[in-house]
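This report concerns only the one structure given below.
Not measured: the values here are computed from a predicted model.
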Amino acid sequence: MSNELDKLVLIDGNSIISRAFYAIPPLTSSNGLHTNAVLGFTTMLLKVLEEEKPSHVLVAFDAGKVTFRHEGYSEYKGGRQKTPPELSEQFPLLKELLQAFSISQFELAGYEADDIIGTMARLAEEQGKTAIVVSGDKDMLQLTTDQVSVLITRKGVSEVERYTPSAIGEKYGLTPAQIIDLKGLMGDASDNIPGVPGVGEKTALKLLHEFGTVENVLANIEEIKGKLRENIESHMDDARMSKQLATIFREVPLDYSLDDVTWKGYDSAVLAGALRKLEFKNLVERLNLSGANDATEAESAEAASQYEVVRVDTVGWERLNGALATAEAVLVESSGDNPHHGEGIGLSIVSGSECFTIPYAYLASPEAASLRSWLENAEASKTCYDAHRVELILASSGIALSGQTFDVQLAAYLLDPTEADPSLQGLLQRHGLPPILSDEAVYGKGAKYRLPGDGELAKHLAAKADAIRRLKPLLSEKLEKLGMNELFYELEQPLSGVLAKMEMQGITVQTEALQDLGTEFQRRIDEITKAVYESAGFEFNIGSPRQLGEVLFERLGLPVVKKTKTGYSTDAEVLEKLEPHHEIVRLILHYRQLAKLQSTYIEGLLKEIRPETGKIHTFYKQTIAATGRLSSQFPNLQNIPIRMEEGRQIRKAFVPSEPGWVILAADYSQIELRVLAHISGDDGLKEAFLKDMDIHTKTAMDVFGVPADQVDGNMRRQAKAVNFGIVYGISDWGLSQNLNITRGEAADFIEQYYRTFPGVKRYMVTVVEEAKKNGYVTTMMQRRRLLPEINHSNFNLRSFAERTAMNTPIQGTAADIIKLAMLRMNEALLERGLRSRMLLQVHDELVFEVPQEELEAMKALVPDVMSTALKLDVPLLAEVSVGSNWYEAK
DNA sequence: TCTGTCACG
DNA sequence: ACGTACGTGACAGAC
């Protein structure tokens with residue numbers, strides 16, 4: 001029950017931990033984790049708890065990188081130094097420690113800690129409670145009232161300065177509400193809030209004492225003189241925006257009430273355990289916790305996962321071989337992004353209380369024979385991290401990985417495909433497990449990448465193998481609970497091996513054909529460059545969007561159609577609008593096209609051809625796309641030109657690897673719209689596909705209300721755009737942009753479409769409703785995508801999530817289907833003993849190389865497997881074509 | 001390292 | 001009133 005004695009302490013977690021990090025000298029625990037910031041935070045916390053004796057305590061954290069503040073001002077907090085890894089690795093430690101304190105912690109995507117604190121302080125006040133805000137950031141002073149005081153840390157973290165409205169009055173001569181005006185005028189370099197140049201604290205205070213608010217300063221600008229006036233006049237918008245950015249948002253939609261942050265003190269045993277783990281011995285003493293028993297459940301789990309690091313190199317092989325039978329997880333560490341060029345660093349294998357680490361070079365030694373056969377043994381089941389990459393690395397050492405029954409990276413991807421950080425460190429944190437050192441902390445990043453000493457390396461590899469072991473039960477249980485076992489065990493995991501096989505096979509690309517094409521492109525580029533210079537009357541770098549913008553819009557005076565945040569936009573859409581104004585525009589469009597082909601496709605692909613084999617080996621990433629699609633890298637073979645004839649020529653260089661063979665390509669016809677017909681159950685759409693009608697023409701007939709023979713090219717084009725729009729999660733605005741029509745006309749199209757296909761409309765409404773209720777959407781194979789922003793109060797974030805809710809089940813199910821087809825195709829080739837090889841996947845297309853004598857069989861087999869991969873209420877159609885290269889196979 | 005642009009489905 | 005179509009990767013230029 002609340003009464004006026006209730007007192008809240010609200011702590012700005014991010015602010016205090018980073019102050020502590022810079023204030024306290026470096027400190028590491030014996031396992032190498034940095035702990036100085038956690039120690040500083042704890043010192044501050046204990047002091048506040050002691051002095052304030054609060055009834056409620058909350059620590060708020062910033063969540064994610066992008067907040068609503070970035071929407072109005074994308075540079076918000078820009079230019080800020082990256083959080084050093086020594087600090088970021090302390091966040092999980094702090095969060096764990098706060099749990100031991102039984103202190104609540106909140107964070108909410110899209111908001112900063114300030115906003116959560118501001119909201120809680122408001123709630124406290126409304127309920128007649130008092131609140132103490134603790135932060136290192138003076139912005140917080142705006143929250144001060146008779147009931148809310150603010151403690152700002154000074155030099156260090158344990159010394160604080162207490163601010164009340166009267167204290168602020170004495171110190172600055174301002175009211176708390178004017179703090180944001182102060183910021184608006186002076187800015188804040190650390191958050192990249194501009195303010196007005198030349199206005200620091202002194203000038204800002206003088207202005208506010210005279211005029212009171214930013215708005216009043218601007219309204220009375222004529223009373224200000226000289227340079228100051230000029231500065232303010234030219235930065236009025238900056239001042240207004242800066243004030244807005246500095247304003248704490250006090251209406252955060254929190255799912256919590258004040259009661260949820262009640263604090264009744266900590267459990268001595270739990271806290272003692274947590275502090276001992278961090279090796280804060282002095283604090284244990286100071287709090288008289290020495291006697292407290294710390295054998296909590298968490299602690300024993302921790303103890304159970306302890307292991308001895310056994311370094312295997314010239315010695316230790318017998319011990320390793322003895323442990324292989326009970327091995328639980330294996331880690332293969334390698335360097336570089338491209339696993340086809342990766343170098344093995346080392347292996348670690350965890351088995352019971354032992355973790356063996358082996359330098360990669362020893363894998364080839366005679367002593368490693370048992371290890372090699374264990375890696376290749378399908379019966380020896382292995383938990384790994386990124387088995388696909390491991391398979392490629394080992395393959396380059398002549399080892400064929402087998403028995404990979406659980407991949408924690410793949411499992412984590414399926415549980416949350418939008419999570420950008422797939423590192424083991426990130427997985428541990430997200431699944432609430434004790435952390436290990438980050439790769440970045442051990443190896444460094446970019447140019448600073450280097451391997452640490454053998455001892456440190458062994459420790460790290462062991463910690464990673466142990467982390468894999470600890471993650472597995474958690475992840476497998478979650479998959480099971482969400483009904484994703486089939487997707488994981490029957491689809492994604494087996495697919496990883498199929499992908500590795502395709503990549504290792506590679507596709508032959510004719511160097512000479514590319515070079516000849518490149519010579520021709522270059523000739524045209526030179527010609528056009530000359531014509532552009534002539535047309536402009538001077539020379540400049542056409543490839544520089546900035547210089548091009550200057551030339552077009554300043555020197556040639558063409559109308560500005562669109563701006564980017566850094567200047568004029570010069571993209572193709574803009575240039576097409578400018579075409580009638582100046583002959584140079586057409587030349588630039590053609591230049592752009594050729595330059596793209598030359599740099600990305602001629603030069604880029606040439607660099608990727610292996611001279612020994614004449615092949616290109618792409619790498620399919622299975623854990624990138626939020627919808628479940630694959631992505632292709634080093635090089636990307638999923639975006640080879642086809643739409644324009646000039647670029648399409650590139651495909652002529654993609655040929656079979658053996659004489660007398662052919663390229664066979666098969667693509668799904670309208671797979672996404674067929675999936676939509678199935679999921680929505682719309683009768684009209686289903687019927688169209690059952691009758692195998694041209695879907696865009698059919699749509700045109702219905703939307704425009706005309707018979708088939710009156711559908712002209714333009715109508716069909718517009719109908720096609722409507723169909724695309726439907727799949728993307730349509731909005732009238734988006735469609736109007738695409739078709740260059742008014743928003744009203746686009747809205748009419750959509751309405752007419754929905755009238756024709758009411759089942760589709762029902763689906764769109766339902767899927768969004770379901771997403772709002774559940775927080776996620778799923779595909780037919782139970783692939784899921786979380787949509788945390790589907791109920792967000794911000795229109796943009798919410799709308800984006802709604803379109804995603806409509807699109808993901810469609811695009812994702814199409815991805816499910818082709819992945820199933822790939823598995824089935826792989827099996828079919830093996831079963832029938834065919835020599836034909838599956839080489840590429842391009843979202844709705846599979847590319848094979850086929851010996852002549854198998855051609856007839858493959859022409860029947862491939863479309864059959866593809867169209868029966870998953871049973872839908874409408875037929876799935878796959879169309880095959882054959883040629884002597886990828887261009888011909890169209 | 002980030003931004004703008006453009007290649008694909 | 002809000003202001004993007006969904007999903008990717010690679011390159012050049014500018015910092």
Exercise. Taking the side chain of A:K596 as heavy atoms from C-beta outward, which of C:dA12, C:dG9, B:dG9 is closest to it?
Worked result: C:dG9

Seminar exercise, completed: Side-chain atoms of A:S631 come closest, of C:dG9, C:dG7, C:dG13, to C:dG9

For this session: On DNA chain C, check which nucleotide each of A:T808 and A:S799 is closest to and give me the residue with the more 5' one.
Result: A:S799

Problem set entry | A:H590-A:E646 side chain donor-acceptor pair, cut-off 3.5 Å | yes

For this session: Look at the side chain of A:R592 against the base of B:dG4 and say whether a donor-acceptor pair falls under 3.5 Å; ignore hydrogens and angles.
Result: no

Problem set entry | Side-chain ion pair, A:E672 and A:R629, N-O less than 4.0 Å | yes

Exercise. Where the side chain of A:T627 is concerned, which of C:dA12, C:dG13, C:dG7 is the nearest nucleotide?
Worked result: C:dG7

For this session: For C:dA5, take OP1 and OP2 only and decide whether either is under 4.0 Å from a side-chain N or O of A:S731.
Result: no

Problem set entry | Ring-face cation contact, A:F540 with A:R555, 6.0 Å cut, 45° max | no

For this session: Verify the ring-centre separation between A:F757 and A:Y753: is it less than 6.0 angstrom?
Result: yes

Exercise. Under 4.0 Å between a side-chain N or O of A:R785 and OP1 or OP2 of C:dG7?
Worked result: yes

Exercise. Distance check: side-chain N/O of A:Q841 vs OP1/OP2 of B:dG9, anything under 4.0 Å?
Worked result: no

For this session: Look at the aromatic rings of A:H617 and A:H340 and report parallel, tilted or perpendicular, splitting at 30° and 60°.
Result: tilted

Exercise. Closer than 4.0 Å, any side-chain N/O of A:R803 to the OP1 or OP2 of C:dT4?
Worked result: no

Problem set entry | Under 4.0 angstrom between A:T566 side-chain N/O and C:dA14 OP1 or OP2 | no

Problem set entry | Residue matched to C:dA14 through Watson-Crick or wobble contacts both under 3.5 angstrom | B:dT1

Problem set entry | Nearest to side-chain heavy atoms of A:R546, which nucleotide of C:dC6, C:dT8, C:dC15 | C:dC15

Problem set entry | Closest to side chain of A:T600, choosing from B:dG4, C:dA14, C:dC11 | C:dC11

For this session: With A:K819 as reference, evaluate A:V498, A:L870, A:L487, A:L630 under the side-chain contact (heavy atoms from CB on, under 4.5 Å) test and give the passing residue.
Result: A:L630

Problem set entry | Nucleotide paired to C:dC2 in any strand shown, Watson-Crick or G-U, under 3.5 Å | none

Exercise. Is there a donor on the side chain of A:R629 or the base of B:dG9 sitting less than 3.5 Å from an acceptor on the other?
Worked result: yes

Seminar exercise, completed: Side-chain contact check for A:I730: nearest option of C:dA5, B:dC8, C:dG7 is C:dA5

Exercise. Between C:dA12, C:dG7, B:dG9, which nucleotide has the shortest distance from any of its atoms to the side chain of A:E603?
Worked result: C:dA12

Exercise. Taking N and O atoms by type only, does the side chain of A:Q811 place a donor or acceptor under 3.5 Å from a partner on the base of C:dC6?
Worked result: yes

For this session: Ignoring backbone atoms, test whether A:S569 places a side-chain nitrogen or oxygen under 4.0 Å from the OP1 or OP2 oxygen of B:dT5.
Result: yes

For this session: Respond yes when some side-chain nitrogen or oxygen of A:S544 is under 4.0 Å from OP1 or OP2 of C:dA14, and no when none is.
Result: yes

Exercise. Does A:N541 put a side-chain nitrogen or oxygen below 4.0 Å from OP1 or OP2 of C:dG13?
Worked result: yes

Problem set entry | Polar pair under 3.5 Å, donor/acceptor by atom type, side chain A:R643, base B:dG9 | yes

